[in-house]
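The next block holds one structure in the form of structure tokens; read it before the comments.
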Amino acid sequence: MTNVRLRLDLAYDGTDFHGWAKQKGGLRTVQQTVEEKLSMVLRHPVELTVAGRTDAGVHASGQVAHLDTTRAALGQRSIDGDPTKLVKRLAKLLPADVRVHACTEVPADFDARFSALRRRYVYRITTHPRGALPTRARDTATWFKPVDLELMQAAADQLVGLNDFVAFCKAKPHATTIRELLAFEWKDVSTPAEPQLYEAHVTADAFCWSMVRSLVGCCLRVGEGSRGVDFAAHMLREESRSSEIPLADAQGLSLVGVDYPDADQLAARAAMTRGRRAAEDTELG
């Protein structure tokens, strides 16, 4: 029996999900929802490996996962050996708040989690007194104080690089909090319909648990003027999770992309990542 590895590119509105990962107690999660429908279509149990296990309420437009199946499972009439046909099949079965928008066969060396070079997030937030525009209320957070974008960018700049982000992460046993923050940029994306609207674009090799929301919260404190511009740099010297850093609301956060090397570099990248984080249970968001 020939095995086949498939890559899924997914999007979901995380509002009504208790995060990506399956949980006990029957809580609704993205992983459980997608696995159930895939198992139904492929007629065998399916287990997904994901690039980043997003927290409850966090969204994704560029999530990536992989699964292993067989040529026989793909050979049934409704698929006819073409994994791209799973997109249409799943569209009829999945709820409206999760979609698989691409399904492709990939080399056996591809690992959605360990082969990833970097993850990209966008955090969307308004400081307008009325709050988020009703049609964007599910993916836009609200901060009820005006902020200075230049001050927030100054704080963000202090955090870029290879650092121990322990002050920004919820602790997990035996997990490293050292990460390389590759880019952190704040943008004013205001429009007449959505004034005082900002986005934080954050890229790293990986993120520890709740790190992105803490990075955003740190900058908001500086932007509102309640902390000095050196607050971010000071937090990098902490040795444990800091209560001074607020956790920005989950609803503003979206995983927008995961980048991978060329096919001939997939195995080497996965091996390197496993070696660096053998004891780590990486959590995005």
Side-chain angles (χ1 to χ4, degrees), residues 11-15 52 54-63 118-161 163 165 167-169 179-204 207-236 242 244-259 284-285:
Y12 48 85
D13 178 339
T15 305
T54 48
D55 290 342
V58 176
H59 318 292
S61 59
Q63 179 68 279
R118 63 192 71 89
R119 283 89 168 166
R120 293 178 280 116
Y121 277 91
V122 171
Y123 194 93
R124 197 171 195 271
I125 191 165
T126 180
T127 60
H128 195 279
R130 66 109 197 264
L133 192 69
T135 54
R136 299 300 303 264
R138 290 170 73 92
D139 74 344
T140 306
T142 300
W143 190 263
F144 287 110
K145 292 183 180 180
V147 294
D148 184 311
L149 196 67
E150 291 186 5
L151 289 177
M152 292 200 295
Q153 187 59 58
D157 290 343
Q158 296 172 20
L159 297 167
V160 174
N163 296 296
F165 289 95
F168 298 82
C169 300
R179 294 289 187 273
E180 185 175 11
L181 188 61
L182 300 168
F184 191 178
E185 183 180 5
W186 281 94
K187 299 180 180 183
D188 187 334
V189 293
S190 301
T191 67
E194 294 184 279
Q196 296 172 226
L197 182 68
Y198 309 100
E199 287 182 354
H201 293 245
V202 191
T203 304
F207 294 91
C208 49
W209 196 4
S210 297
M211 178 176 160
V212 181
R213 293 161 62 195
S214 294
L215 293 173
V216 169
C218 173
C219 291
L220 289 169
R221 280 280 188 257
V222 174
E224 72 180 18
S226 63
R227 295 290 186 275
V229 73
D230 61 345
F231 176 60
H234 175 72
M235 288 296 99
L236 288 176
S242 175
E244 294 187 61
I245 302 174
L247 195 62
D249 289 342
Q251 72 194 71
L253 186 59
S254 296
L255 174 61
V256 298
V258 185
D259 300 326
L284 300 188

Would you please name every residue forming a disulfide (SG to SG under 2.5 Å) with C169, sequence neighbours left out? C208
Taking every non-hydrogen atom, the tightest pair across S61 and A11: CA-CB, 3.9 Å
Between Q153 (side chain only) and F184 (backbone N and O only), is there a donor and an acceptor less than 3.5 Å apart? yes
Rounded to the nearest 0.5 Å, how far apart are SG of C219 and CG of L149? 10.0 Å
CG on L215 to CZ on R213, rounded to 0.5 Å: 12.0 Å
Distance in Å, L220 CG paired with L151 CG, rounded so as to fall on 0.5 Å steps: 12.0 Å
Main-chain N/O of T15 paired to Q251 side chain as donor or acceptor, under 3.5 Å: no
Looking at every non-hydrogen atom in both residues, tell me the closest pair between A232 and A155 and how far apart they are. CB-O, 3.5 Å
Answer yes or no: is there a donor N or O on one side and an acceptor on the other, between the side chain of Q158 and the main chain of V229, under 3.5 Å? yes
To the nearest 0.5 Å, how far apart are CZ in F207 and CG in L253? 9.0 Å
side-chain contact (heavy atoms from CB on, under 4.5 Å) partners of R124, counting only residues at least two apart: R136, D139, T140, E194, L197, E199
So, D249 versus W143: side-chain donor-acceptor pair below 3.5 Å or not? no
Flag the pair L247 / S210 as yes when at least one side-chain heavy-atom distance between them is below 4.5 Å, and no otherwise. yes
To the nearest 0.5 Å, how far apart are CG in L181 and CG in L159? 6.5 Å
Within the structure provided, determine whether I125 and V147 are in side-chain contact (heavy-atom separation under 4.5 Å). no
Would you say Q196's side chain and T127's backbone share a donor-acceptor pair under 3.5 angstrom? yes
R227 side chain to V222 main-chain N or O, any donor-acceptor pair under 3.5 Å? no
Spacing of CE belonging to M152 relative to NZ belonging to K187, to within rounding of 0.5 Å: 13.5 Å
If I compare all heavy atoms of P195 with all of P192, which pair ends up nearest, and what's the gap? CD-O, 3.7 Å
Holding to ring pair (Phe, Tyr, Trp, His ring centres under 6.0 Å), I want the full list of residues that pass it with F165, two or more places apart in sequence or in another chain. F168
Are the side chains of E180 and L182 in contact, using a 4.5 Å heavy-atom criterion? yes
Just by distance, do the side chain of T126 and the backbone of A132 share a donor-acceptor pair under 3.5 Å? no
Do the side chains of V216 and W186 get nearer than 4.5 Å, heavy atoms only? yes
With a 4.5 Å heavy-atom cut-off, do Y12 and T54 have their side chains touching? yes
Could you check R120, Q63, H59 and say which one makes a side chain to side chain contact (heavy atoms under 4.5 Å, CB included) with S254? H59
